[in-house]
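These notes concern the structure reproduced below.
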Amino acid sequence: MPADTTLAVSTRVSATEAALAHLATLLRQHPGMLLYQSGGCCDGSNPLALNPGDLSLTVTDQCVGTVGAVPFYIDTRQCAYLLGQALTIDLRPGNLGSYSLEDGTGWYFVTLTPTCPVA
C-alpha cells in the first residue's frame, strides 16, 4: 500500500456511531479491510469497503485518515477538492448493488461534507 503522506494533516475523516458500528462488524468478518472514496467526487458519494487486494492502490491513492481502525484512501487527482475538508462517513438504509463489502447487509456507506450534507 502507498505510504501515508501529509494529506492526513489537511483532511479530517470521521464517522457517525452507526457507521462505526457497521464498520466494526465488517472488520471482524474482513480483517485488514480498507475504505476507498469511490469515483463520485460529490457530497453523498459512496466510499467502498474493500478487502486487501480488491483494489490495486497507486501512488495517487493516499491514506488521509482512519475511520475506526479502517484506513481511508482517496485518489488525490480525482477528488482534490475534498482535501482539507472534514469528511464524515455515515450509513444509509438500502443496498446499492456494488462490490463494496457492506452490500447485501441492508446498509451502505455515504460520505458527507459540511458544505453539502445529504438529508
Seminar exercise, completed: Note: Trp107 and Glu102 closest approach over all heavy atoms is O-CG, 3.2 Å
Seminar exercise, completed: Shortest non-hydrogen pair, Ser100 vs Ala49, comes out as OG-N, 2.7 Å
Contacts of type side chain to side chain contact (heavy atoms under 4.5 Å, CB included), residue [X], not counting sequence neighbours:
| X | answer |
| --- | --- |
| Leu50 | Leu34, Tyr36, Leu48, Asp54, Leu55, Tyr99 |
| Thr66 | none |
| Asn95 | Asp103 |
| Ala18 | Thr16, Leu91 |

Problem set entry | Step-by-step side-chain contact (heavy atoms from CB on, under 4.5 Å) determination, Ile89 to Leu20 | CA-CA 9 Å; Ile89 308 306; Leu20 287 172; over 6 Å; no
For this session: Would you check if the side chain of Thr60 reaches a backbone N or O of Asp75 as a donor-acceptor pair within less than 3.5 Å?
Result: no
Exercise. If only atom types and distance count, is the side chain of Asp61 paired as donor or acceptor with the main-chain N or O of Tyr73 below 3.5 Å?
Worked result: no
Table please: side-chain donor-acceptor pairs of residues 26-33 below 3.5 Å, with sequence neighbours left out.
residue, atom, partner, partner atom, Å
Arg28, NH2, Thr25, OG1, 3.3
His30, ND1, Asn51, OD1, 3.4

Problem set entry | Partner set under side-chain hydrogen bond (donor to acceptor under 3.5 Å, both in side chains) for Ser98, not counting sequence neighbours | none
For this session: Check whether any side-chain heavy atom of Cys63 lies under 4.5 Å from a side-chain heavy atom of Phe72, and answer yes or no.
Result: no
Exercise. If we only count heavy atoms from C-beta on, is the Arg92 to Phe109 side-chain gap below 4.5 Å?
Worked result: no
Problem set entry | Sole candidate of Val13, Val64, Thr111 that passes side chain to side chain contact (heavy atoms under 4.5 Å, CB included) when paired with Ile74 | Val64
Exercise. Can you list the steps and then say if Leu87 with Leu112 is a side-chain contact (heavy atoms from CB on, under 4.5 Å)?
Worked result: CA-CA 6 Å; Leu87 306 177; Leu112 307 176; over 6 Å; no
